[in-house]
Enquirer: 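Mind looking over this structure? Questions follow.
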Amino acid sequence: LYLVDNTPINTGFVINEIMYNSSNIWIHGAITDTYEYVEIFNTYDTPMDVGYWRFEDDGNKYRMPAPLIIPSNGYLVLTDSSQAVHSVYWPLPADAVMVEIPELGLRNSGETLRWQNANGQKVDEVT
């Protein structure tokens with residue numbers, strides 16, 4: 001688990017937590033160590049629609065479904081396995097929404113993660 005201490009570049013959204021190298025967990029009779037997630041925090045006091053926004057790592061681009069409302073002072077969790085995240089962190093708090101991106105693959109050696117609005121403007125970035 002890597003906690004990120006950074007300031008948003010253009011808006012009140014912060015990439016604030018990254019799980020890029022998970023430990024083994026037991027899910028439905030099998031052990032897995034492949035769950036990963038990125039958490040994005042909405043610092044605004046109002047819910048925000050981030051439908052069609054984009055999350056990028058060094059090799060992939062993912063477009064968010066629409067509508068996608070992040071609660072005020074709430075979280076968006078992007079994960080490769082919602083089942084694994086639920087098994088470890090259930091219940092998901094009321095101020096959080098989750099989007100499963102099965103092909104999400106964060107490099108354990110490090111990479112740059114970017115959060116962009118629907119117009120392609122950089123909102124936050126962390127390496």
Side-chain angles (χ1 to χ4, degrees):
L1 179 65
Y2 180 66
L3 296 177
V4 179
D5 180 20
N6 71 343
T7 304
I9 296 169
N10 293 327
T11 71
F13 289 94
V14 179
I15 299 171
N16 72 312
E17 191 173 318
I18 302 166
M19 170 63 79
Y20 62 90
N21 189 9
S22 61
S23 60
N24 293 341
I25 61 170
W26 186 265
I27 299 177
H28 300 293
I31 292 179
T32 182
D33 66 349
T34 58
Y35 75 98
E36 299 179 338
Y37 66 84
V38 174
E39 184 180 87
I40 298 170
F41 178 59
N42 173 13
T43 65
Y44 289 115
D45 290 331
T46 58
M48 298 294 292
D49 185 355
V50 295
Y52 302 113
W53 286 38
R54 192 165 61 199
F55 173 75
E56 294 183 3
D57 60 23
D58 284 346
N60 302 291
K61 298 177 182 180
Y62 311 100
R63 181 78 60 187
M64 297 300 108
L68 180 60
I69 308 298
I70 303 177
S72 60
N73 297 301
Y75 302 89
L76 170 62
V77 179
L78 305 174
T79 181
D80 63 342
S81 173
S82 58
Q83 183 180 19
V85 171
H86 282 285
S87 294
V88 175
Y89 301 105
W90 190 256
L92 196 63
D95 64 350
V97 294
M98 188 179 315
V99 172
E100 184 171 321
I101 304 171
E103 59 278 355
L104 180 70
L106 303 173
R107 295 182 185 156
N108 293 350
S109 60
E111 64 186 315
T112 300
L113 306 178
R114 292 169 212 77
W115 180 237
Q116 298 174 336
N117 67 21
N119 295 324
Q121 296 169 314
K122 183 169 49 174
V123 174
D124 196 21
E125 178 178 276
V126 64
T127 300

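It should be emphasised that the depicted structure is a prediction, and the values quoted were computed from it without experimental measurement.
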Enquirer: Please lay out, stage by stage, how Ile40 and Asn16 fare under the test side-chain contact (heavy atoms from CB on, under 4.5 Å).
Expert: CA-CA 6 Å; Ile40 298 170; Asn16 72 312; 5.6 Å; no

Enquirer: Does the Tyr37 side chain pair with the main chain of Val77, one donor and one acceptor, at a distance under 3.5 Å?
Expert: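 No; judged by distance alone, with no hydrogens or angles, the pair does not exist.
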
Enquirer: Looking at every heavy atom in both Trp53 and Ala118, which two are closest together, and how far apart are they?
Expert: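 Smallest heavy-atom distance, with atoms named: CD1-N, 3.6 Å.
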
Enquirer: Name the atoms and distances for all side-chain donor-acceptor pairs under 3.5 Å in residues 62-76, with sequence neighbours left out.
Expert:
unit_1 : atom_1 : unit_2 : atom_2 : d
Tyr62  : OH     : Asn60  : ND2    : 3.3
Tyr62  : OH     : Glu103 : O      : 3.3
Arg63  : NH1    : Tyr52  : O      : 2.5
Asn73  : ND2    : Asp45  : OD1    : 3.1

Enquirer: If hydrophobic clusters are built by linking Ile, Leu, Val, Met, Phe, Trp and Tyr wherever their side-chain heavy atoms come under 4.5 Å apart, do Ile15 and Tyr20 end up in the same one?
Expert: yes

Enquirer: How long is the gap from CG on Leu78 to CH2 on Trp115, to the nearest 0.5 Å?
Expert: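 Between atom CG of Leu78 and atom CH2 of Trp115 there are 6.0 Å.
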
Enquirer: Under a 4.5 Å cut-off applied to non-hydrogen side-chain atoms, are Phe55 and Leu104 in contact?
Expert: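 Touching, per the 4.5 Å side-chain cut-off.
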
Enquirer: Has Asn119 got a side-chain atom pairing as donor or acceptor with Gln121's backbone, closer than 3.5 angstrom?
Expert: no

Enquirer: Could you check whether any side-chain heavy atom of Asn42 comes within less than 4.5 Å of a side-chain heavy atom of Val50, counting everything from C-beta outward?
Expert: no

Enquirer: Got Phe13 and Asn117 here, is their nearest side-chain heavy-atom distance under 4.5 Å?
Expert: no

Enquirer: Say you draw a straight line from CG of Asp80 to CE of Met19; how long is it, rounded to the nearest 0.5 Å?
Expert: 11.0 Å

Enquirer: With rounding to the nearest 0.5 angstrom, report the OG to CG distance, Ser82 to Leu92.
Expert: 10.0 Å

Enquirer: By side chain to side chain donor-acceptor pair (under 3.5 Å), which residues pair with Thr79, not counting sequence neighbours?
Expert: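 For Thr79 there are no side chain to side chain donor-acceptor pair (under 3.5 Å) partners, ignoring immediate neighbours.
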
Enquirer: Is the shortest side-chain heavy-atom distance between Glu36 and Asn108 below 4.5 Å?
Expert: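 Contact flag for Glu36/Asn108 side chains = yes.
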
Enquirer: Within the structure provided, determine whether Val126 and Ile18 are in side-chain contact (heavy-atom separation under 4.5 Å).
Expert: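 Touching, per the 4.5 Å side-chain cut-off.
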
Enquirer: Filter on salt bridge (charged side-chain N to carboxylate O under 4.0 Å, His left out), then keep only pairs touching residues 105-121, sequence neighbours left out; what's left?
Expert: Glu56-Arg114, Asp58-Arg107, Asp58-Arg114, Arg114-Glu125

Enquirer: According to a hydrophobic-cluster definition based on side-chain heavy atoms being under 4.5 Å apart (Ile, Leu, Val, Met, Phe, Trp, Tyr only), do Leu106 and Val99 belong together?
Expert: yes

Enquirer: Checking side-chain contact (heavy atoms from CB on, under 4.5 Å) against Asp57, which of Leu113, Val38, Thr112 comes through?
Expert: Leu113

Enquirer: Determine whether Val97 and Met48 fall in the same hydrophobic cluster, where Ile, Leu, Val, Met, Phe, Trp and Tyr are linked whenever their side-chain heavy atoms lie under 4.5 Å apart.
Expert: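 Yes, because Val97 and Met48 connect within a single hydrophobic cluster, where side-chain heavy atoms sit under 4.5 Å apart.
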
